[in-house]
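Counting convention: from 1, in listed order, for ligands and their atoms alike.
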Amino acid sequence: MIEVKNLKKRYGNFEALKGISFSVEKGEIVGFLGPNGAGKTTTMQIITGFISPSAGEVVIDGKKVDGFDIKFKKKIGYLPENNPIYNDLSVYDYLSFFANLKNLKNKKDEIRRVINLTKIEDVINKKIDTLSKGYKQRVGLAQAILGNPEILILDEPTTGLDPNQIIEIRNLIKELGKKKTVILSTHIMQEVEQTCERVIIINKGNIVADDRLDNLKGKN
Ligand code: ADP
Ligand code: ADP
(Lines give C-alpha, C1' and ligand atoms only; values in the text may rest on other atoms or scores of the structure.)
(Ligands and ions follow the chains in the order given, each with its own letter.)
Protein backbone atom coordinates (compact mmCIF):
# COMPACT_ATOMS: atom_id res chain seq x y z
CA MET A 1 0.00 0.00 0.00
CA ILE A 2 2.86 2.41 0.89
CA GLU A 3 6.08 2.06 -1.09
CA VAL A 4 9.08 4.19 -0.14
CA LYS A 5 11.65 3.95 -2.91
CA ASN A 6 15.25 5.04 -2.50
CA LEU A 7 14.39 8.31 -0.73
CA LYS A 8 17.11 10.87 -0.29
CA LYS A 9 16.81 14.23 1.39
CA ARG A 10 19.44 16.93 1.59
CA TYR A 11 19.29 20.01 3.77
CA GLY A 12 22.06 22.13 2.24
CA ASN A 13 25.14 19.92 2.28
CA PHE A 14 23.75 17.60 4.92
CA GLU A 15 22.16 14.36 3.73
CA ALA A 16 19.41 13.53 6.24
CA LEU A 17 18.12 10.52 4.23
CA LYS A 18 20.65 8.48 2.28
CA GLY A 19 18.43 6.41 0.01
CA ILE A 20 15.91 4.54 2.16
CA SER A 21 13.42 1.97 0.88
CA PHE A 22 10.67 0.01 2.57
CA SER A 23 7.05 -0.89 2.00
CA VAL A 24 4.07 -1.18 4.30
CA GLU A 25 1.14 -3.51 3.62
CA LYS A 26 -2.49 -2.60 4.15
CA GLY A 27 -3.51 -3.05 7.80
CA GLU A 28 0.01 -3.22 9.23
CA ILE A 29 1.04 -1.24 12.32
CA VAL A 30 4.70 -0.47 11.80
CA GLY A 31 7.07 1.19 14.24
CA PHE A 32 9.64 3.55 12.72
CA LEU A 33 12.33 3.51 15.36
CA GLY A 34 15.49 5.57 15.61
CA PRO A 35 17.42 8.02 17.78
CA ASN A 36 17.02 11.79 17.57
CA GLY A 37 18.26 13.13 14.26
CA ALA A 38 17.96 9.75 12.48
CA GLY A 39 15.59 11.11 9.83
CA LYS A 40 12.21 9.99 11.16
CA THR A 41 10.39 13.32 10.93
CA THR A 42 11.87 13.98 7.50
CA THR A 43 10.56 10.60 6.30
CA MET A 44 7.10 11.20 7.79
CA GLN A 45 6.95 14.66 6.18
CA ILE A 46 7.83 13.20 2.77
CA ILE A 47 5.26 10.39 3.07
CA THR A 48 2.56 12.93 3.95
CA GLY A 49 3.60 15.22 1.10
CA PHE A 50 4.59 18.14 3.36
CA ILE A 51 8.11 18.25 1.95
CA SER A 52 9.64 16.86 -1.25
CA PRO A 53 12.50 14.38 -1.39
CA SER A 54 15.78 15.29 -3.12
CA ALA A 55 15.60 11.92 -4.90
CA GLY A 56 13.40 8.82 -4.87
CA GLU A 57 9.65 8.69 -4.40
CA VAL A 58 6.76 7.52 -2.26
CA VAL A 59 3.96 5.63 -3.97
CA ILE A 60 0.65 5.02 -2.22
CA ASP A 61 -1.88 2.66 -3.82
CA GLY A 62 0.00 2.91 -7.07
CA LYS A 63 0.08 6.72 -7.13
CA LYS A 64 2.98 9.03 -6.46
CA VAL A 65 2.45 11.15 -3.35
CA ASP A 66 1.08 14.62 -4.06
CA GLY A 67 0.63 16.87 -1.01
CA PHE A 68 -1.69 19.16 -2.96
CA ASP A 69 -4.15 16.44 -3.95
CA ILE A 70 -7.24 16.60 -1.74
CA LYS A 71 -8.04 12.90 -2.29
CA PHE A 72 -4.58 12.11 -1.03
CA LYS A 73 -5.07 14.34 2.01
CA LYS A 74 -8.22 12.39 2.86
CA LYS A 75 -6.42 9.09 2.61
CA ILE A 76 -3.76 9.98 5.18
CA GLY A 77 -4.21 11.18 8.75
CA TYR A 78 -1.11 12.89 10.16
CA LEU A 79 -0.17 13.71 13.71
CA PRO A 80 2.96 15.87 13.47
CA GLU A 81 5.59 15.70 16.17
CA ASN A 82 5.15 19.10 17.71
CA ASN A 83 1.68 20.26 16.91
CA PRO A 84 2.71 23.83 17.61
CA ILE A 85 0.11 26.26 16.33
CA TYR A 86 -3.63 26.75 16.75
CA ASN A 87 -3.25 27.06 20.54
CA ASP A 88 -5.71 29.91 20.63
CA LEU A 89 -8.55 27.89 19.10
CA SER A 90 -11.09 25.90 21.06
CA VAL A 91 -10.89 22.15 20.50
CA TYR A 92 -14.13 22.23 18.53
CA ASP A 93 -12.98 25.11 16.29
CA TYR A 94 -9.67 23.37 15.70
CA LEU A 95 -11.45 20.21 14.54
CA SER A 96 -13.82 22.30 12.38
CA PHE A 97 -10.85 23.99 10.76
CA PHE A 98 -9.35 20.61 9.76
CA ALA A 99 -12.73 19.22 8.71
CA ASN A 100 -12.96 22.17 6.30
CA LEU A 101 -9.38 21.74 5.14
CA LYS A 102 -10.10 18.10 4.29
CA ASN A 103 -13.33 19.21 2.64
CA LEU A 104 -15.35 16.58 4.52
CA LYS A 105 -19.01 15.88 3.99
CA ASN A 106 -21.21 15.73 7.10
CA LYS A 107 -18.68 17.81 9.03
CA LYS A 108 -20.68 17.98 12.25
CA ASP A 109 -21.31 14.24 12.41
CA GLU A 110 -17.71 13.51 11.61
CA ILE A 111 -16.43 15.91 14.31
CA ARG A 112 -18.82 14.31 16.79
CA ARG A 113 -17.56 10.85 15.82
CA VAL A 114 -13.87 11.67 16.40
CA ILE A 115 -14.66 13.48 19.67
CA ASN A 116 -16.38 10.34 20.95
CA LEU A 117 -13.65 7.99 19.75
CA THR A 118 -10.86 9.98 21.40
CA LYS A 119 -12.96 10.73 24.51
CA ILE A 120 -12.50 14.50 24.53
CA GLU A 121 -16.14 15.44 25.12
CA ASP A 122 -15.21 17.28 28.33
CA VAL A 123 -12.84 19.75 26.69
CA ILE A 124 -14.40 20.64 23.33
CA ASN A 125 -15.03 24.27 24.35
CA LYS A 126 -11.66 24.81 25.97
CA LYS A 127 -8.74 26.51 24.26
CA ILE A 128 -6.04 24.08 23.22
CA ASP A 129 -3.29 25.87 25.18
CA THR A 130 -5.19 25.32 28.44
CA LEU A 131 -5.18 21.51 28.02
CA SER A 132 -2.83 18.96 29.55
CA LYS A 133 -0.35 17.33 27.16
CA GLY A 134 -2.32 14.10 27.28
CA TYR A 135 -5.49 15.87 26.15
CA LYS A 136 -3.54 17.79 23.50
CA GLN A 137 -2.38 14.49 22.01
CA ARG A 138 -5.94 13.16 22.08
CA VAL A 139 -7.04 16.26 20.19
CA GLY A 140 -4.16 15.71 17.74
CA LEU A 141 -5.31 12.12 17.21
CA ALA A 142 -8.90 13.31 16.75
CA GLN A 143 -7.67 15.65 14.00
CA ALA A 144 -5.67 12.83 12.39
CA ILE A 145 -8.66 10.46 12.16
CA LEU A 146 -11.10 13.08 10.80
CA GLY A 147 -12.63 11.67 7.63
CA ASN A 148 -11.66 8.13 8.64
CA PRO A 149 -8.42 7.94 6.60
CA GLU A 150 -7.03 4.51 5.67
CA ILE A 151 -3.52 5.50 6.72
CA LEU A 152 -2.30 7.06 9.97
CA ILE A 153 1.15 8.64 10.25
CA LEU A 154 2.00 9.38 13.89
CA ASP A 155 5.25 11.18 14.72
CA GLU A 156 6.49 10.68 18.30
CA PRO A 157 2.93 10.57 19.68
CA THR A 158 3.87 10.06 23.34
CA THR A 159 6.93 12.28 23.70
CA GLY A 160 6.60 14.58 26.70
CA LEU A 161 3.71 12.69 28.30
CA ASP A 162 3.70 11.31 31.83
CA PRO A 163 3.53 7.51 32.36
CA ASN A 164 -0.26 7.35 32.77
CA GLN A 165 -0.85 9.51 29.71
CA ILE A 166 1.58 7.33 27.74
CA ILE A 167 -0.43 4.20 28.55
CA GLU A 168 -3.69 5.95 27.61
CA ILE A 169 -2.36 7.26 24.31
CA ARG A 170 -0.77 3.91 23.34
CA ASN A 171 -4.05 2.13 24.02
CA LEU A 172 -5.93 4.73 22.03
CA ILE A 173 -3.53 4.33 19.10
CA LYS A 174 -4.03 0.55 19.15
CA GLU A 175 -7.78 1.06 19.17
CA LEU A 176 -7.78 3.68 16.40
CA GLY A 177 -5.24 1.71 14.36
CA LYS A 178 -7.50 -1.31 13.94
CA LYS A 179 -8.43 -1.66 10.27
CA LYS A 180 -5.93 1.07 9.39
CA THR A 181 -2.39 1.12 8.10
CA VAL A 182 -0.24 2.86 10.70
CA ILE A 183 3.34 4.14 10.76
CA LEU A 184 4.38 5.23 14.24
CA SER A 185 7.67 7.07 14.57
CA THR A 186 9.40 6.90 17.94
CA HIS A 187 12.79 6.74 19.65
CA ILE A 188 11.45 4.31 22.28
CA MET A 189 11.73 0.54 21.64
CA GLN A 190 9.16 -0.15 24.36
CA GLU A 191 6.61 1.90 22.45
CA VAL A 192 7.14 -0.28 19.38
CA GLU A 193 6.88 -3.47 21.45
CA GLN A 194 3.61 -2.36 23.00
CA THR A 195 1.96 -0.93 19.93
CA CYS A 196 3.38 -2.39 16.71
CA GLU A 197 3.70 -5.71 14.84
CA ARG A 198 6.74 -4.79 12.84
CA VAL A 199 9.68 -2.44 13.26
CA ILE A 200 11.80 -0.52 10.78
CA ILE A 201 14.93 0.89 12.38
CA ILE A 202 16.54 4.03 10.97
CA ASN A 203 19.90 5.46 11.96
CA LYS A 204 21.78 8.39 10.39
CA GLY A 205 19.55 8.36 7.34
CA ASN A 206 19.86 4.62 6.62
CA ILE A 207 17.49 1.72 7.31
CA VAL A 208 19.42 -0.71 9.52
CA ALA A 209 16.70 -3.28 10.27
CA ASP A 210 13.22 -4.20 9.08
CA ASP A 211 11.49 -7.19 10.65
CA ARG A 212 8.43 -8.50 12.44
CA LEU A 213 8.69 -8.20 16.22
CA ASP A 214 8.15 -11.97 16.69
CA ASN A 215 11.26 -12.61 14.61
CA LEU A 216 13.35 -10.06 16.48
CA LYS A 217 12.34 -11.37 19.87
CA GLY A 218 12.71 -15.01 18.86
CA LYS A 219 9.71 -17.28 19.14
CA ASN A 220 9.79 -18.55 22.70
P1 ADP B 1 13.19 15.78 15.99
O2 ADP B 1 12.86 15.69 17.43
O3 ADP B 1 12.33 14.97 15.10
O4 ADP B 1 14.65 15.60 15.72
P5 ADP B 1 13.81 18.38 15.27
O6 ADP B 1 13.95 19.17 16.51
O7 ADP B 1 15.01 17.85 14.56
O8 ADP B 1 12.80 17.22 15.55
O9 ADP B 1 13.00 19.19 14.20
C10 ADP B 1 11.87 19.94 14.53
C11 ADP B 1 11.55 20.80 13.32
O12 ADP B 1 12.65 21.67 13.02
C13 ADP B 1 11.30 19.99 12.07
O14 ADP B 1 10.24 20.59 11.34
C15 ADP B 1 12.60 20.06 11.29
O16 ADP B 1 12.37 19.99 9.90
C17 ADP B 1 13.16 21.40 11.70
N18 ADP B 1 14.63 21.35 11.81
C19 ADP B 1 15.37 20.42 12.46
N20 ADP B 1 16.67 20.67 12.37
C21 ADP B 1 16.78 21.82 11.66
C22 ADP B 1 17.88 22.59 11.22
N23 ADP B 1 19.14 22.25 11.48
N24 ADP B 1 17.61 23.72 10.53
C25 ADP B 1 16.36 24.06 10.25
N26 ADP B 1 15.27 23.36 10.63
C27 ADP B 1 15.48 22.25 11.33
P1 ADP C 1 14.34 12.63 13.68
O2 ADP C 1 12.89 12.88 13.43
O3 ADP C 1 14.72 11.19 13.55
O4 ADP C 1 14.82 13.21 14.95
P5 ADP C 1 14.73 14.56 11.58
O6 ADP C 1 14.16 14.01 10.33
O7 ADP C 1 13.93 15.57 12.32
O8 ADP C 1 15.15 13.35 12.52
O9 ADP C 1 16.15 15.19 11.25
C10 ADP C 1 17.17 14.45 10.62
C11 ADP C 1 18.38 15.33 10.50
O12 ADP C 1 18.13 16.38 9.57
C13 ADP C 1 18.76 16.02 11.80
O14 ADP C 1 20.18 16.10 11.85
C15 ADP C 1 18.16 17.40 11.66
O16 ADP C 1 18.86 18.38 12.40
C17 ADP C 1 18.26 17.65 10.18
N18 ADP C 1 17.17 18.50 9.70
C19 ADP C 1 15.85 18.24 9.80
N20 ADP C 1 15.13 19.23 9.23
C21 ADP C 1 16.03 20.13 8.77
C22 ADP C 1 15.91 21.37 8.07
N23 ADP C 1 14.72 21.88 7.74
N24 ADP C 1 17.05 22.01 7.76
C25 ADP C 1 18.26 21.50 8.06
N26 ADP C 1 18.45 20.33 8.72
C27 ADP C 1 17.35 19.66 9.06
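The shortest N or O to N or O distance between Phe14 and ligand 2 is not under 3.5 Å. For the pair Ala16 and ligand 2, the shortest N or O to N or O distance does not fall below 3.5 Å. Backbone and side-chain nitrogen or oxygen atoms of Thr42 are examined, and one is located within less than 3.5 angstrom of a nitrogen or oxygen of ligand 2.
Look at Arg198 and Glu28 and you find a salt bridge, because one of the NZ, NE, NH1 or NH2 atoms lies within 4.0 Å of a carboxylate O, short of that distance. Residues Asp61 and Lys75 are paired through a salt bridge, judged by an N-O separation under 4.0 Å between the basic side chain and the carboxylate. Using a 4.0 Å cut-off between charged nitrogen and carboxylate oxygen, Arg138 and Glu168 count as a salt-bridge pair.
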Which atom pairs, one a donor and one an acceptor, fall under 3.5 Å between side chains of residues 13-25 and the rest of the protein, sequence neighbours left out?
unit_1: Lys18; atom_1: NZ; unit_2: Lys204; atom_2: O; d: 3.0
unit_1: Ser21; atom_1: OG; unit_2: Asn6; atom_2: N; d: 2.8

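Close approach of ligand 2 to Ala38 is summarised as follows: ligand atoms under 4.0 Å from at least one heavy atom of the residue are 1 (P), 3 (O), 8 (O). Atoms of ligand 2 lying under 4.0 Å from at least one heavy atom of Thr41, given by number and element, are 1 (P), 2 (O), 6 (O), 7 (O). Atom numbering of ligand 2 starts at 1 in the shown order; those under 4.0 Å from a heavy atom of Pro35 are 3 (O). Remark: ligand 2 atoms within the under-4.0 Å shell around heavy atoms of Asn36 are 4 (O).
Under the 4.0 angstrom criterion for non-hydrogen atoms, Gly34 is not in contact with ligand 2. Taking a 4.0 Å cut-off on heavy atoms, Ser185 fails to register as neighbouring ligand 2.
A cation-pi arrangement is absent between Lys108 and Tyr92, since the terminal nitrogen or guanidinium carbon is not both under 6.0 Å from the aromatic centre and inside a 45° cone about the axis.
The ring pair (Phe, Tyr, Trp, His ring centres under 6.0 Å) analysis of residues 137-182, with sequence neighbours excluded, yields no pairs.
Looking at Asn100, its side chain does come within 3.5 Å of a backbone N or O of Ser96 through a donor-acceptor pair.
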